[in-house]
There are 2 protein chains.
Amino acid sequence: MPGIDQVAKLAGVSTATVSRALSGNGHVSEPTRHRVRAAALELGYVVSSNASSLATGRTRNIGVVIPFINRWYFGAVLEGAEQALLGHGYDLTLYNLSGGDDQRRSVFEHFLLRKRVDAVIAISLELTGDEVDRLMDMHKPIVGVGGSIAGVRTLSIDDAAVARLATDHLLALGHRTIAFIGGNREYDMDFHVPSQRRAGFTAALATAGIDADPELFRAADFTIPGGYAAAKQLLGNPRTRPTAIFAASDEMAIGAILAARDLGLSVPDDVSITGVDDHELAAFFGLTSIAQFPALQGRMAVDILMDQLHPDHTALASSNTPLPFELIVRSSTARPKL
Amino acid sequence: MPGIDQVAKLAGVSTATVSRALSGNGHVSEPTRHRVRAAALELGYVVSSNASSLATGRTRNIGVVIPFINRWYFGAVLEGAEQALLGHGYDLTLYNLSGGDDQRRSVFEHFLLRKRVDAVIAISLELTGDEVDRLMDMHKPIVGVGGSIAGVRTLSIDDAAVARLATDHLLALGHRTIAFIGGNREYDMDFHVPSQRRAGFTAALATAGIDADPELFRAADFTIPGGYAAAKQLLGNPRTRPTAIFAASDEMAIGAILAARDLGLSVPDDVSITGVDDHELAAFFGLTSIAQFPALQGRMAVDILMDQLHPDHTALASSNTPLPFELIVRSSTARPKL
DNA sequence: GTGAAAGCGCTAACAC
DNA sequence: GTGTTAGCGCTTTCAC
């Protein structure tokens, strides 16, 4: 493991020059730069990020805090962020907060504060004022994805608007008896995504002059089996069966499609179904969905951070940037049969 | 951001004592230890991991290199590793190698060598001799999951045995015309998992005195849609239709179940289907599967690393540890109809 | 454009 | 059991 001094010796310059030549900070003549590069290459020299971080105060490492890894949306955001960071020469340190409050506290109190990261990206996590303050105190930029956080730059889709769009699509097709599969309490913790989607759903119905029937609401856990079970309940009773279902996630919508099939109902002839996410399986199931673009969300979070970390910094200190979403109509929705 | 010297001042001791008291290395009297802890707490002091790493040469950070994030198996291994590392006070830096050769090279040449990680876990990646050497040169332990690598401590299931077990299950039920859905070249790159599973399949058939019919083999991409398409081909022709399908992954097996349903075939009455993984959806689909335990695999990899990093080090330098697997029989397999 | 030297914040000998 | 001190390997003024 050669050090900077060996490179300096080999190139016949000082360590200061090596540092400048390799980092691009400060002026070095072309010939010198070349000699240094050659020497570094020959020795297989790679800077020690610790020494460099200690000297500069910057780590080129971003902490990403995320509640799940193995759910499509979260994995996709993570993937997007990872690619973007790698492209900028940054590392990504992953903190998966699936372990409850203790773990969350320990991550915030010990891990993130060790000066190991330059900034943090929080995915679908509503940071507490205290958590934000501690990071701010250390001058660590934060960007949140998936909901707005007081005092923090965030990116999020307008969940109520998403739900309204989905519901309006169903209404426009002529549906009047529309069920909603939302989330249970556990999933409402952080940004109340399920509640907000339900609110948008209810609002859209209200605008169309329809009262939301509490019988047509089911809570589930954002998974395929959860959506399946909820839809079975909704669709099983022929007297109260809705002509359409809006599920707050594509996974649940896919579960609903499978439930309809198992009940001998045809989608969309007997029941129209729509979800949210544009999950990788949505096309396969012909699922009409409201796309949000998780990989893009990850990349955007990184862009904002880079902006904040590197002094072009036009940055608005705190604000929420709305994220794009888009109705993708496939074969799971149609006019209701007369 | 208070430094160690401030803590020292407040506690009325030297920085060395603070370091000892906080890290647990070296002897400090109980009262002193308490005073130091109290001072640290009061100031909100957290060690700078950079300074500490620079001084000790250890980072308490592990690099994890993984080809996919958003596939169930990989996500689960990652999750397992992450939990285990957090528990040991280690950070996890994630390198997702989905971007092709250039990215892979850059990760190995620049990122992993910056002395930022103490060790690396490679998931389903067959490291080249060169990649191994460079890491070894830096005295960085490596553990591989998912296949054996020359000179490296690895954990892997015996893919051929897994396939034999699945095939034997089908044979024991009385099936004689069994199709195999494997992987295409792209998925065979690293540890030849698809080829090995195919070999096990063929071997099991041979033992039963059956020649594998090349018409009953289809390559797919380890996804649900891929398995669906392959199964449609296999099951569509009534003259050549197999009575059972063994898919090299649960995702493909689930696709096959859906294909069978779409063709009006009953599972398992008309066709038995089995997969590998015990995917989180396997139970939902009643899929018979060979479970491997990815989260456990991640945890085991971490345990081995901890062992290697901390001087209990009974460690066998290089060897492959077989991983457990287990047949889980559900409702997707049964005797063939006469 | 380049070099000398003073840190960055901590740890680990080595003394006492 | 605790303090002193010399680094760990870089970066960055400040001179020249």
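Everything numeric here is computed off the predicted structure, so don't read it as measured data. Residue numbers start from 1 in every chain, and the chains themselves are labelled A, B, ... in the order their sequence lines are given, proteins ahead of strands.
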(request) Could you please spell out the steps behind the side-chain hydrogen bond (donor to acceptor under 3.5 Å, both in side chains) verdict for A:Thr154 and A:Asn320? (result) CA-CA 5 Å; A:Thr154 51; A:Asn320 181 54; 2.9 Å; yes
(request) Find the distance B:Ile4:CD1 to C:dC8:P and express it as a whole number of Å. (result) 14 Å
(request) Find the distance B:Arg116:CZ to D:dC10:P and express it as a whole number of Å. (result) 14 Å
(message) Counting only side-chain heavy atoms from C-beta out, which of D:dC10, D:dT2, C:dT11 sits nearest to B:Thr15?
(response) C:dT11
(request) Hey, which sits more toward the 5' end of DNA chain D by its nearest nucleotide, B:Gly26 or B:Ala51? (result) B:Gly26
(request) Compare side-chain N and O positions of B:Ser29 against OP1 and OP2 of D:dT2 and report whether any pair is under 4.0 Å apart. (result) yes
(request) With heavy atoms under 4.0 Å as the rule, sort B:Val18 into base, sugar-phosphate or nothing. (result) nothing
(message) Please tell me if B:Ser19 has a side-chain N or O lying less than 4.0 Å from either OP1 or OP2 of C:dT11.
(response) yes
(message) Heavy-atom nearest nucleotide on DNA chain C for A:Thr56 versus B:Ala55: which residue maps closer to 5'?
(response) A:Thr56
(request) Measure from CG on A:Leu54 to P on C:dG7 and round the result to the nearest Å. (result) 14 Å
(message) For a quick test of reading the model: is some side-chain N or O of A:Thr32 closer than 4.0 Å to OP1 or OP2 of C:dT2?
(response) yes
(request) Find the distance B:Asn50:CG to C:dG9:P and express it as a whole number of Å. (result) 11 Å
(request) Give the C-alpha distance, both sets of side-chain angles, the deciding distance and a yes or no for side-chain hydrogen bond (donor to acceptor under 3.5 Å, both in side chains) between A:Thr321 and A:Arg153. (result) CA-CA 8 Å; A:Thr321 304; A:Arg153 193 87 163 69; 2.8 Å; yes
(message) Do B:Thr59 and A:Asn50 pair up side chain to side chain, a donor and an acceptor below 3.5 Å, judged on atom types alone?
(response) no
(request) Using atom NZ of A:Lys9 as one end and atom P of D:dC10 as the other, report the distance to the nearest whole Å. (result) 13 Å
(request) For B:Arg35 and for A:Ser48, find the nucleotide of DNA chain D with the closest heavy atom, then tell me which residue's nucleotide is more 5'. (result) B:Arg35
(request) Answer yes or no: does a side-chain N or O of B:Ser14 lie under 4.0 Å from OP1 or OP2 of D:dT2? (result) no
(request) Report the nucleotide, chosen from C:dT2, D:dG3, C:dC10, that has the shortest atom-to-atom distance to any side-chain atom of B:Arg20. (result) D:dG3
(message) Contact between A:Tyr45 and A:Gln6 at the side-chain level, heavy atoms closer than 4.5 Å - yes or no?
(response) no
(request) Rounded off to whole Å, could you give me the CG-to-C1' distance for the B:Asn25 and C:dA13 pair? (result) 13 Å
(request) Inspect the contact between B:Arg105 and B:Asp102 and indicate whether a charged nitrogen and a carboxylate oxygen are less than 4.0 angstrom apart. (result) yes
(request) Measure from CG on A:Leu22 to P on D:dT12 and round the result to the nearest Å. (result) 13 Å
(message) Can you measure A:Met1 atom CE to D:dC8 atom P for me and round it to whole angstrom units?
(response) 12 Å
(message) Check this for me: does the side-chain of B:Arg33 come within 3.5 Å of the base of D:dG1 through a donor and an acceptor?
(response) no
(request) Please check the phosphate of C:dA12 (OP1 and OP2 only) for any side-chain N or O of B:Arg58 closer than 4.0 Å. (result) yes
(request) Considering non-hydrogen atoms only, spot the tightest contact between A:Gly57 and A:Asp118 and give its length. (result) O-OD1, 4.2 Å
(message) D:dT2, OP1 or OP2 - any side-chain N/O from B:Thr17 closer than 4.0 Å?
(response) no
